[in-house]
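Notes follow the structure.
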Number of protein chains: 2
Amino acid sequence: MSSRRTIRSTEPMALYGRGRVSAQRAAIAKAAEAMSGAFVAEELHRAVTSVEPGIGLATVYRAISAMQSAGTLVTVGERDGCALLAICVRGDHHHHLVCTECGAVVGIDCPIDETTMRAAAREGHLVTSHQIVLYGLCARCRARTENT
Amino acid sequence: MSSRRTIRSTEPMALYGRGRVSAQRAAIAKAAEAMSGAFVAEELHRAVTSVEPGIGLATVYRAISAMQSAGTLVTVGERDGCALLAICVRGDHHHHLVCTECGAVVGIDCPIDETTMRAAAREGHLVTSHQIVLYGLCARCRARTENT
DNA sequence: ATGAAAGTGAGATTGATTCTCACTTTGGGA
DNA sequence: TCCCAAAGTGAGAATCAATCTCACTTTCAT
Ligand SMILES: [Mn+2]
Ligand SMILES: [Mn+2]
Ligand SMILES: [Zn+2]
Ligand SMILES: [Zn+2]
(Lines give C-alpha, C1' and ligand atoms only; values in the text may rest on other atoms or scores of the structure.)
(Ligands and ions follow the chains in the order given, each with its own letter.)
Protein backbone atom coordinates (compact mmCIF):
# COMPACT_ATOMS: atom_id res chain seq x y z
CA MET A 1 0.00 0.00 0.00
CA SER A 2 3.02 2.23 -0.35
CA SER A 3 3.70 2.68 -4.04
CA ARG A 4 0.21 1.94 -5.28
CA ARG A 5 -1.29 5.14 -6.50
CA THR A 6 -5.03 5.42 -6.98
CA ILE A 7 -6.00 7.19 -10.17
CA ARG A 8 -8.49 9.78 -9.04
CA SER A 9 -9.31 11.64 -12.22
CA THR A 10 -9.22 11.12 -15.93
CA GLU A 11 -8.00 13.76 -18.34
CA PRO A 12 -11.07 16.07 -18.39
CA MET A 13 -11.75 16.03 -22.12
CA ALA A 14 -11.51 12.25 -22.15
CA LEU A 15 -15.08 12.20 -20.90
CA TYR A 16 -16.24 13.46 -24.26
CA GLY A 17 -14.45 10.92 -26.42
CA ARG A 18 -14.53 12.88 -29.65
CA GLY A 19 -15.20 16.60 -29.95
CA ARG A 20 -13.50 19.94 -29.65
CA VAL A 21 -11.83 21.08 -26.51
CA SER A 22 -13.55 24.18 -25.28
CA ALA A 23 -12.71 25.79 -21.96
CA GLN A 24 -16.34 25.41 -20.91
CA ARG A 25 -16.50 21.67 -21.53
CA ALA A 26 -13.20 21.19 -19.75
CA ALA A 27 -14.56 23.02 -16.72
CA ILE A 28 -17.81 21.07 -16.86
CA ALA A 29 -16.00 17.72 -17.03
CA LYS A 30 -13.79 18.74 -14.14
CA ALA A 31 -16.81 19.74 -12.08
CA ALA A 32 -18.60 16.50 -12.99
CA GLU A 33 -15.66 14.49 -11.74
CA ALA A 34 -15.55 16.52 -8.56
CA MET A 35 -19.20 15.82 -7.80
CA SER A 36 -19.61 13.23 -5.09
CA GLY A 37 -21.99 10.68 -6.47
CA ALA A 38 -25.11 11.31 -8.45
CA PHE A 39 -26.25 14.78 -9.44
CA VAL A 40 -28.84 16.55 -11.57
CA ALA A 41 -28.07 19.01 -14.37
CA GLU A 42 -28.85 22.05 -12.28
CA GLU A 43 -26.47 20.95 -9.55
CA LEU A 44 -23.70 20.44 -12.05
CA HIS A 45 -24.41 23.89 -13.45
CA ARG A 46 -24.16 25.43 -10.01
CA ALA A 47 -20.92 23.58 -9.36
CA VAL A 48 -19.32 24.76 -12.59
CA THR A 49 -20.43 28.37 -12.38
CA SER A 50 -19.19 28.64 -8.81
CA VAL A 51 -15.72 28.13 -10.24
CA GLU A 52 -16.13 29.43 -13.77
CA PRO A 53 -18.96 31.99 -13.84
CA GLY A 54 -20.76 32.76 -17.06
CA ILE A 55 -21.21 29.24 -18.34
CA GLY A 56 -24.80 28.85 -19.49
CA LEU A 57 -27.20 26.13 -18.45
CA ALA A 58 -27.74 25.15 -22.07
CA THR A 59 -24.01 24.58 -22.41
CA VAL A 60 -24.09 22.26 -19.42
CA TYR A 61 -26.95 20.33 -20.98
CA ARG A 62 -25.02 20.09 -24.25
CA ALA A 63 -21.95 18.84 -22.41
CA ILE A 64 -24.09 16.28 -20.61
CA SER A 65 -25.44 15.01 -23.94
CA ALA A 66 -21.91 14.77 -25.29
CA MET A 67 -20.69 12.78 -22.31
CA GLN A 68 -23.70 10.52 -22.50
CA SER A 69 -22.99 9.88 -26.17
CA ALA A 70 -19.41 9.09 -25.25
CA GLY A 71 -20.72 6.68 -22.66
CA THR A 72 -18.87 8.25 -19.77
CA LEU A 73 -21.92 9.79 -18.16
CA VAL A 74 -25.04 7.78 -17.47
CA THR A 75 -28.49 8.33 -16.07
CA VAL A 76 -28.67 6.42 -12.80
CA GLY A 77 -32.18 7.31 -11.78
CA GLU A 78 -34.40 10.27 -11.20
CA ARG A 79 -34.98 12.74 -8.41
CA ASP A 80 -37.92 15.13 -8.28
CA GLY A 81 -38.54 14.75 -11.97
CA CYS A 82 -34.94 15.48 -12.89
CA ALA A 83 -32.56 12.95 -14.41
CA LEU A 84 -30.00 11.73 -11.90
CA LEU A 85 -26.58 11.56 -13.53
CA ALA A 86 -23.27 10.03 -12.63
CA ILE A 87 -19.90 9.54 -14.22
CA CYS A 88 -19.26 5.92 -15.08
CA VAL A 89 -15.95 4.79 -16.50
CA ARG A 90 -16.32 1.11 -15.73
CA GLY A 91 -16.14 -0.72 -19.03
CA ASP A 92 -18.12 -3.86 -18.40
CA HIS A 93 -21.86 -4.34 -18.24
CA HIS A 94 -23.16 -3.39 -14.84
CA HIS A 95 -25.74 -1.28 -13.01
CA HIS A 96 -25.82 1.27 -10.24
CA LEU A 97 -26.78 1.46 -6.62
CA VAL A 98 -27.66 4.99 -5.56
CA CYS A 99 -27.29 5.74 -1.88
CA THR A 100 -30.51 7.37 -0.72
CA GLU A 101 -28.62 8.97 2.13
CA CYS A 102 -25.62 10.63 0.50
CA GLY A 103 -26.14 10.13 -3.23
CA ALA A 104 -23.05 7.99 -3.69
CA VAL A 105 -23.16 5.72 -6.72
CA VAL A 106 -21.84 2.18 -6.56
CA GLY A 107 -21.34 -0.17 -9.50
CA ILE A 108 -23.24 -3.44 -9.19
CA ASP A 109 -22.82 -6.56 -11.27
CA CYS A 110 -25.80 -7.31 -13.47
CA PRO A 111 -28.26 -9.64 -11.75
CA ILE A 112 -29.95 -10.68 -14.99
CA ASP A 113 -28.59 -14.17 -15.26
CA GLU A 114 -29.32 -17.28 -17.24
CA THR A 115 -32.14 -18.08 -14.86
CA THR A 116 -34.07 -14.99 -15.81
CA MET A 117 -33.37 -15.29 -19.52
CA ARG A 118 -34.39 -18.93 -19.48
CA ALA A 119 -37.55 -18.23 -17.51
CA ALA A 120 -38.60 -15.63 -20.06
CA ALA A 121 -37.68 -17.93 -22.93
CA ARG A 122 -39.75 -20.69 -21.39
CA GLU A 123 -42.80 -18.49 -21.89
CA GLY A 124 -41.67 -17.68 -25.39
CA HIS A 125 -40.41 -14.18 -24.69
CA LEU A 126 -37.03 -12.74 -25.64
CA VAL A 127 -35.24 -10.21 -23.46
CA THR A 128 -33.11 -7.90 -25.58
CA SER A 129 -32.23 -5.17 -23.11
CA HIS A 130 -32.92 -4.05 -19.60
CA GLN A 131 -32.63 -1.19 -17.21
CA ILE A 132 -31.93 -1.58 -13.52
CA VAL A 133 -31.53 0.91 -10.71
CA LEU A 134 -30.88 -0.08 -7.14
CA TYR A 135 -31.47 2.14 -4.15
CA GLY A 136 -30.06 1.67 -0.71
CA LEU A 137 -27.20 2.67 1.51
CA CYS A 138 -23.56 2.84 0.58
CA ALA A 139 -21.03 1.20 2.88
CA ARG A 140 -20.19 4.45 4.62
CA CYS A 141 -23.80 5.44 5.28
CA ARG A 142 -24.67 1.93 6.33
CA ALA A 143 -21.90 1.94 8.89
CA ARG A 144 -22.92 5.37 10.12
CA THR A 145 -26.56 4.31 10.50
CA GLU A 146 -25.58 1.12 12.29
CA ASN A 147 -26.52 1.33 15.97
CA THR A 148 -25.33 -1.04 18.75
CA MET B 1 -60.14 -26.98 -19.92
CA SER B 2 -63.89 -27.18 -20.11
CA SER B 3 -65.26 -25.52 -17.01
CA ARG B 4 -62.28 -23.28 -16.38
CA ARG B 5 -63.30 -19.75 -17.13
CA THR B 6 -60.66 -17.10 -17.59
CA ILE B 7 -61.45 -13.90 -15.78
CA ARG B 8 -60.85 -11.22 -18.33
CA SER B 9 -61.79 -8.08 -16.50
CA THR B 10 -62.09 -6.86 -12.96
CA GLU B 11 -64.98 -4.75 -11.76
CA PRO B 12 -63.95 -1.33 -13.17
CA MET B 13 -63.92 0.63 -9.95
CA ALA B 14 -61.88 -2.09 -8.27
CA LEU B 15 -58.84 -0.54 -9.91
CA TYR B 16 -59.19 2.44 -7.60
CA GLY B 17 -59.43 0.55 -4.34
CA ARG B 18 -61.12 3.26 -2.29
CA GLY B 19 -62.81 6.33 -3.74
CA ARG B 20 -66.06 7.47 -5.21
CA VAL B 21 -67.55 5.93 -8.29
CA SER B 22 -67.81 8.59 -10.92
CA ALA B 23 -68.93 7.81 -14.44
CA GLN B 24 -65.67 9.24 -15.73
CA ARG B 25 -63.45 7.04 -13.60
CA ALA B 26 -65.48 3.99 -14.50
CA ALA B 27 -65.04 4.77 -18.19
CA ILE B 28 -61.34 5.42 -17.70
CA ALA B 29 -60.80 2.14 -15.85
CA LYS B 30 -62.72 0.28 -18.53
CA ALA B 31 -60.61 1.88 -21.23
CA ALA B 32 -57.41 1.13 -19.32
CA GLU B 33 -58.36 -2.54 -19.13
CA ALA B 34 -59.16 -2.56 -22.82
CA MET B 35 -55.74 -1.19 -23.75
CA SER B 36 -53.47 -3.86 -25.13
CA GLY B 37 -50.30 -3.61 -23.15
CA ALA B 38 -48.49 -0.45 -22.16
CA PHE B 39 -49.81 3.00 -22.91
CA VAL B 40 -49.15 6.65 -22.16
CA ALA B 41 -51.63 9.06 -20.58
CA GLU B 42 -52.52 10.71 -23.85
CA GLU B 43 -53.33 7.38 -25.48
CA LEU B 44 -55.60 6.45 -22.60
CA HIS B 45 -57.29 9.82 -22.93
CA ARG B 46 -57.89 9.26 -26.62
CA ALA B 47 -59.25 5.79 -25.92
CA VAL B 48 -61.70 7.03 -23.31
CA THR B 49 -62.93 10.05 -25.21
CA SER B 50 -63.54 7.98 -28.31
CA VAL B 51 -66.20 6.18 -26.29
CA GLU B 52 -67.17 8.81 -23.76
CA PRO B 53 -66.45 12.27 -25.22
CA GLY B 54 -65.97 15.24 -22.94
CA ILE B 55 -63.71 13.66 -20.36
CA GLY B 56 -60.84 16.02 -19.72
CA LEU B 57 -57.17 15.15 -19.85
CA ALA B 58 -56.71 16.33 -16.27
CA THR B 59 -59.35 13.87 -15.17
CA VAL B 60 -57.48 11.07 -16.85
CA TYR B 61 -54.29 12.11 -15.07
CA ARG B 62 -56.15 12.18 -11.76
CA ALA B 63 -57.57 8.71 -12.41
CA ILE B 64 -54.08 7.49 -13.25
CA SER B 65 -52.78 8.83 -9.94
CA ALA B 66 -55.62 7.15 -8.10
CA MET B 67 -54.95 3.80 -9.73
CA GLN B 68 -51.26 4.12 -9.06
CA SER B 69 -52.00 4.82 -5.41
CA ALA B 70 -54.23 1.77 -5.35
CA GLY B 71 -51.35 -0.20 -6.83
CA THR B 72 -53.32 -1.45 -9.80
CA LEU B 73 -51.57 0.73 -12.35
CA VAL B 74 -47.81 0.93 -12.58
CA THR B 75 -45.21 2.76 -14.58
CA VAL B 76 -43.43 0.19 -16.70
CA GLY B 77 -41.03 2.45 -18.52
CA GLU B 78 -40.96 5.54 -20.64
CA ARG B 79 -41.55 6.39 -24.29
CA ASP B 80 -40.62 9.71 -25.85
CA GLY B 81 -40.50 11.42 -22.50
CA CYS B 82 -43.91 10.11 -21.46
CA ALA B 83 -44.50 7.64 -18.67
CA LEU B 84 -45.41 4.20 -19.98
CA LEU B 85 -48.24 2.75 -17.94
CA ALA B 86 -49.82 -0.66 -17.59
CA ILE B 87 -52.41 -2.31 -15.45
CA CYS B 88 -50.90 -4.79 -13.04
CA VAL B 89 -53.05 -6.93 -10.80
CA ARG B 90 -50.44 -9.54 -9.95
CA GLY B 91 -49.98 -9.48 -6.23
CA ASP B 92 -46.46 -10.71 -5.73
CA HIS B 93 -43.21 -8.88 -6.23
CA HIS B 94 -42.23 -8.91 -9.87
CA HIS B 95 -41.19 -6.71 -12.78
CA HIS B 96 -42.22 -6.13 -16.36
CA LEU B 97 -41.03 -6.96 -19.81
CA VAL B 98 -42.27 -4.49 -22.40
CA CYS B 99 -42.46 -5.76 -25.94
CA THR B 100 -40.72 -3.25 -28.17
CA GLU B 101 -42.75 -4.49 -31.10
CA CYS B 102 -46.35 -4.42 -29.88
CA GLY B 103 -46.20 -2.88 -26.43
CA ALA B 104 -47.43 -5.97 -24.62
CA VAL B 105 -46.43 -6.17 -20.99
CA VAL B 106 -45.36 -9.43 -19.43
CA GLY B 107 -44.80 -10.08 -15.74
CA ILE B 108 -41.30 -11.28 -14.90
CA ASP B 109 -40.07 -12.79 -11.65
CA CYS B 110 -37.62 -10.59 -9.83
CA PRO B 111 -34.02 -11.44 -10.73
CA ILE B 112 -32.55 -9.77 -7.66
CA ASP B 113 -31.56 -12.85 -5.75
CA GLU B 114 -29.42 -13.70 -2.80
CA THR B 115 -26.36 -13.53 -5.00
CA THR B 116 -26.85 -9.87 -5.74
CA MET B 117 -27.79 -8.94 -2.20
CA ARG B 118 -24.80 -10.81 -0.86
CA ALA B 119 -22.43 -9.27 -3.38
CA ALA B 120 -23.56 -5.81 -2.36
CA ALA B 121 -23.36 -6.70 1.31
CA ARG B 122 -19.84 -7.99 0.80
CA GLU B 123 -18.84 -4.45 -0.14
CA GLY B 124 -20.74 -3.09 2.82
CA HIS B 125 -23.72 -1.76 0.89
CA LEU B 126 -27.37 -2.39 1.62
CA VAL B 127 -29.96 -2.65 -1.13
CA THR B 128 -33.34 -1.45 0.10
CA SER B 129 -35.29 -1.16 -3.14
CA HIS B 130 -34.88 -1.50 -6.85
CA GLN B 131 -36.47 -0.76 -10.15
CA ILE B 132 -36.22 -3.02 -13.16
CA VAL B 133 -37.59 -2.80 -16.67
CA LEU B 134 -36.95 -5.38 -19.33
CA TYR B 135 -37.36 -4.77 -23.02
CA GLY B 136 -37.67 -7.40 -25.69
CA LEU B 137 -40.22 -9.35 -27.67
CA CYS B 138 -43.32 -11.01 -26.32
CA ALA B 139 -44.02 -14.61 -27.31
CA ARG B 140 -46.36 -13.63 -30.09
CA CYS B 141 -44.00 -11.09 -31.68
CA ARG B 142 -41.07 -13.41 -31.26
CA ALA B 143 -42.90 -16.14 -33.12
CA ARG B 144 -43.97 -13.73 -35.81
CA THR B 145 -40.42 -12.45 -36.28
CA GLU B 146 -39.04 -15.98 -36.40
CA ASN B 147 -37.98 -16.82 -39.95
CA THR B 148 -37.15 -20.36 -41.22
C1' DA C 1 -2.95 32.03 -41.26
C1' DT C 2 -7.90 30.65 -42.87
C1' DG C 3 -12.45 29.23 -42.78
C1' DA C 4 -15.89 25.78 -42.16
C1' DA C 5 -17.59 23.35 -38.47
C1' DA C 6 -18.43 23.07 -33.66
C1' DG C 7 -19.46 25.38 -29.44
C1' DT C 8 -21.54 29.18 -26.65
C1' DG C 9 -24.95 32.46 -23.96
C1' DA C 10 -29.26 34.43 -23.47
C1' DG C 11 -33.63 33.96 -24.02
C1' DA C 12 -37.64 31.80 -26.23
C1' DT C 13 -40.02 27.48 -26.68
C1' DT C 14 -41.71 22.88 -25.94
C1' DG C 15 -44.55 19.59 -23.84
C1' DA C 16 -45.84 16.37 -20.19
C1' DT C 17 -47.84 16.92 -15.96
C1' DT C 18 -49.89 19.58 -12.27
C1' DC C 19 -52.58 23.19 -10.38
C1' DT C 20 -56.62 26.55 -9.90
C1' DC C 21 -61.17 27.42 -9.47
C1' DA C 22 -65.96 27.54 -10.08
C1' DC C 23 -69.21 24.05 -10.65
C1' DT C 24 -71.28 19.20 -10.34
C1' DT C 25 -71.67 14.62 -8.45
C1' DT C 26 -71.49 11.22 -4.88
C1' DG C 27 -72.86 8.75 -0.83
C1' DG C 28 -72.98 8.29 4.31
C1' DG C 29 -75.84 9.73 7.79
C1' DA C 30 -80.05 12.29 9.69
C1' DT D 1 -85.65 10.26 1.10
C1' DC D 2 -83.05 14.40 1.81
C1' DC D 3 -78.75 17.09 2.93
C1' DC D 4 -74.37 18.51 2.46
C1' DA D 5 -69.43 18.05 3.11
C1' DA D 6 -66.16 15.87 0.61
C1' DA D 7 -64.61 14.23 -3.71
C1' DG D 8 -64.53 14.68 -8.58
C1' DT D 9 -64.67 17.37 -12.95
C1' DG D 10 -63.46 20.49 -17.14
C1' DA D 11 -61.10 24.23 -19.04
C1' DG D 12 -57.43 26.69 -19.03
C1' DA D 13 -53.36 28.53 -16.66
C1' DA D 14 -49.08 27.36 -14.67
C1' DT D 15 -44.78 24.57 -13.92
C1' DC D 16 -40.43 23.52 -15.18
C1' DA D 17 -36.83 20.25 -16.99
C1' DA D 18 -35.02 20.07 -21.25
C1' DT D 19 -34.48 21.67 -26.02
C1' DC D 20 -34.21 24.98 -29.61
C1' DT D 21 -32.91 29.58 -31.98
C1' DC D 22 -29.76 32.68 -33.41
C1' DA D 23 -26.10 35.80 -33.64
C1' DC D 24 -21.54 35.47 -32.19
C1' DT D 25 -17.02 33.21 -30.79
C1' DT D 26 -13.68 29.50 -30.69
C1' DT D 27 -11.31 25.54 -32.42
C1' DC D 28 -8.43 23.01 -35.40
C1' DA D 29 -7.46 20.51 -39.85
C1' DT D 30 -5.54 22.15 -43.89
MN1 LIG E 1 -20.86 2.52 -13.41
MN1 LIG F 1 -47.37 -6.87 -13.32
ZN1 LIG G 1 -24.21 6.95 1.27
ZN1 LIG H 1 -45.18 -8.12 -28.80
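Labels below follow one simple rule: chain letters A, B, ... track the order of the sequence lines, proteins then strands, and each chain is numbered from 1. Any value given below was found using the heavy atoms of this structure, including those in side chains, with hydrogens, waters and symmetry copies removed.
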Worksheet, complete the sentence: With B:Thr75 as partner, the option from B:Gln131, B:Gln68, B:His96 fulfilling side-chain hydrogen bond (donor to acceptor under 3.5 Å, both in side chains) is B:Gln68
Worksheet item: Using a heavy-atom cut-off of 4.0 Å to chain A, what are the terminal contacting nucleotides of DNA chain D, in 5' to 3' order?
Response: D:dA17 to D:dC28
Worksheet item: In whole angstrom, what separates B:Glu52's CD from C:dT25's P?
Response: 14 Å
Worksheet, complete the sentence: Assert: residue with more 5' nearest nucleotide on DNA chain C, out of B:Ala83 and B:Arg20, is B:Ala83
Worksheet, complete the sentence: Judged by nearest nucleotide, the residue sitting upstream toward the 5' end of DNA chain D, A:Leu57 or A:Arg62, is A:Leu57
Fill in: Reported CD1-to-CE distance for the pair B:Ile28 and B:Met13, which is rounded to 0.5 angstrom
9.5 Å
Worksheet item: Is the number of heavy atoms from other residues, nucleotides or ligands within 6.0 Å of CZ (B:Arg90) greater than 12?
Response: yes
Discussion item. I need the CG-P distance between A:Asp80 and C:dT18, as an integer number of Å.
Written reply: 13 Å
Worksheet item: For B:Arg79 and C:dG15, what is the distance between atoms CZ and P respectively, to the nearest whole Å?
Response: 16 Å
Response to the item:
CD1 of A:Ile108 to NE2 of B:His125, rounded to nearest 0.5 Å, is 6.0 Å
Discussion item. Within a 6.0 Å radius of atom CD on B:Glu78, are there more than 12 heavy atoms belonging to other residues, nucleotides or ligands?
Written reply: yes
Discussion item. Tell me whether the rings of A:His130 and A:His95 are parallel (<30°), tilted (30 to 60°) or perpendicular (>60°).
Written reply: tilted
Item to complete: Quickly work out the B:Leu84 CG to C:dT17 C1' distance and round it to whole Å.
Response: 15 Å
Worksheet entry | Contact residues, residues 43-51 of chain A to DNA chain C [heavy atom, < 4.0 Å] | none
Practice prompt. Output the distance between atom CZ (B:Phe39) and atom CG (B:Leu85), rounded to the nearest 0.5 Å.
Written response: 5.0 Å
Practice prompt. Check the distance between C:dT26's P and B:Met13's CE and give it to me in whole angstrom.
Written response: 11 Å
Item to complete: Select base, sugar-phosphate, or nothing to describe what B:Val40 touches, counting heavy atoms under 4.0 Å on all strands.
Response: nothing
Worksheet item: So, B:Thr59 and B:Arg62: side-chain donor and acceptor under 3.5 Å apart, yes or no?
Response: yes
Worksheet item: Taking atom OH of B:Tyr61 and atom CD of B:Glu42, what is their separation to the nearest 0.5 Å?
Response: 7.5 Å
